[in-house]
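Single-structure report; data block below.
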Number of protein chains: 2
Amino acid sequence: MAKSKTAYSASVQQLLELFGKLPGVGARSAERMVFHLLKADPAEALALSDAIRAVKTQVRHCSVCYNLCEAQLCDICEDPSRDGGIICLVEQPKDLLQIESTGAYRGVYHVLLGHLSPLDGIGPEHLTIEPLLERIAAGGTDGRPVIREIILATNPNMDGDGTALYLQSRLAEANVSITRLARGLPTGAQIEYSNKAILSDAISGRTKM
Amino acid sequence: MAKSKTAYSASVQQLLELFGKLPGVGARSAERMVFHLLKADPAEALALSDAIRAVKTQVRHCSVCYNLCEAQLCDICEDPSRDGGIICLVEQPKDLLQIESTGAYRGVYHVLLGHLSPLDGIGPEHLTIEPLLERIAAGGTDGRPVIREIILATNPNMDGDGTALYLQSRLAEANVSITRLARGLPTGAQIEYSNKAILSDAISGRTKM
């Protein structure tokens, strides 16, 4: 854009660049955000600054399941009413929250913090696979529950399926039952508009009525 | 959304809410931003926090023209090569930058910091109209240049035109020539697709070739 000719002042320019690095924020949106903050009540703008700092300094991963939390353990790992013998394995804390929102699951979780992606240089050592294996091995000792089942809840796409396959091989030796989320037609869909991959899954995974 | 059932940790929730207040940022985008910052290098995230603080504490309005700057006077008001006798009146600092980017203007500016909007409770006292009148009155004293012309460069829409009309009446007694930006067909447009308002302006403002 021709606009670069006349620059904003240094601190405005700096904030524009940093906002522009956030996902989904282009040059125009960054500009709108900066001007919003310039006009905003100082307390509101400084609250945003403080909140970013707080998130970055206070939020950590649960030492057991790697969910986000602000203490040693997350609320789910702390909750004695959850079934510690079933671990649902998800890619991201967001996935965990989405599953929690259904209310259909009462076990605990393990957050991988990503998926395998060799092209991006993300191998097993970048995920929380070792801690998972240790967690399974430690089951039954020191009053920890024995892990009976691992639900592989990685995303139903190429990366997630690849990660699930790898995990299946790594978990083969552990004495746990390995399951994965059901694959099929999403409720509310129309067969007419479903694609081949979904229909193939639905046919091969058909269940008795 | 059903998601509210399971809450994020307090500081994450706080940041989500504050991001959500930025223009154009909905719940989903705020979530993406927060998770981006959680994963980001701490230095990058804290730089954003600091940049917001810096903008809010360092950026101020030029004491003469109300453009944004970090000193007493903005770069344009400081520049001795600019013609101080012509003032281009714009609504926002963004408008000033856009006009600067053309390189077609060598006078100085006055930023109104908004437009009249009685329905939103924004009257003349909320804009920098008094300082403009004082600036014109002070022209010629203490070595300040005499103001010869005021270009009303408010937006070519209802609010901007209303503000320009009001300013015209307020400036009537001052001994300055009052002009406004030309109105007509935008270069590159097609008459076939121009609307009535644009064509009416183009016809009534037709010029000799």
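Residue numbers begin at 1 in each chain, while the letters A, B, ... track the order of the sequences.
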Subject >> Partner of A/T128 by side chain to side chain donor-acceptor pair (under 3.5 Å), out of A/R135, A/H110, A/E134 >> reply: A/H110
**OP:** Measure B/L15 against the heavy atoms of chain A and call it side chain, backbone, both or neither at under 4.5 Å.
**Re:** both
**OP:** Could you tell me which portion of A/F19 (side chain, backbone, both or neither) has an atom closer than 4.5 angstrom to a non-hydrogen atom of chain B?
**Re:** both
Original post:
Can you say whether B/E17 sits under 4.5 Å from chain A via the side chain, the backbone, both, or neither, judging by heavy atoms?
Top reply: neither
Original post:
Would one find more than 12 heavy atoms of other residues, nucleotides or ligands at under 6.0 Å from atom CZ of B/R82?
Top reply: yes
Subject >> Per-residue contacts, residues 150-170 of chain A versus chain B, heavy atoms under 4.5 Å >> reply: none
Original post:
When heavy-atom pairs shorter than 4.5 Å are enumerated against chain B, which of A/L113, A/V59, A/N67 gives the highest number?
Top reply: A/V59
**OP:** Decide whether B/E70 and A/S9 meet the rule of one side-chain donor and one side-chain acceptor closer than 3.5 Å.
**Re:** yes
**OP:** Taking all non-hydrogen atoms of both residues into account, name the closest pair between B/A71 and B/R60 and its distance.
**Re:** O-NE, 3.5 Å
**OP:** Please determine, by modelled atom types, if A/Q58 and A/R53 share a side-chain donor-acceptor pair under 3.5 angstrom.
**Re:** no
Original post:
Who wins among A/A40, A/C74, A/C69 for the most heavy-atom pairs under 4.5 Å with chain B?
Top reply: A/A40
Subject >> Selection from B/A54, B/S29, B/P42, B/G24 maximising heavy-atom pairs under 4.5 Å formed with chain A >> reply: B/P42
**OP:** Below 4.5 Å from any heavy atom of chain A, which atoms of B/A10 appear? Answer side chain, backbone, both or neither.
**Re:** both
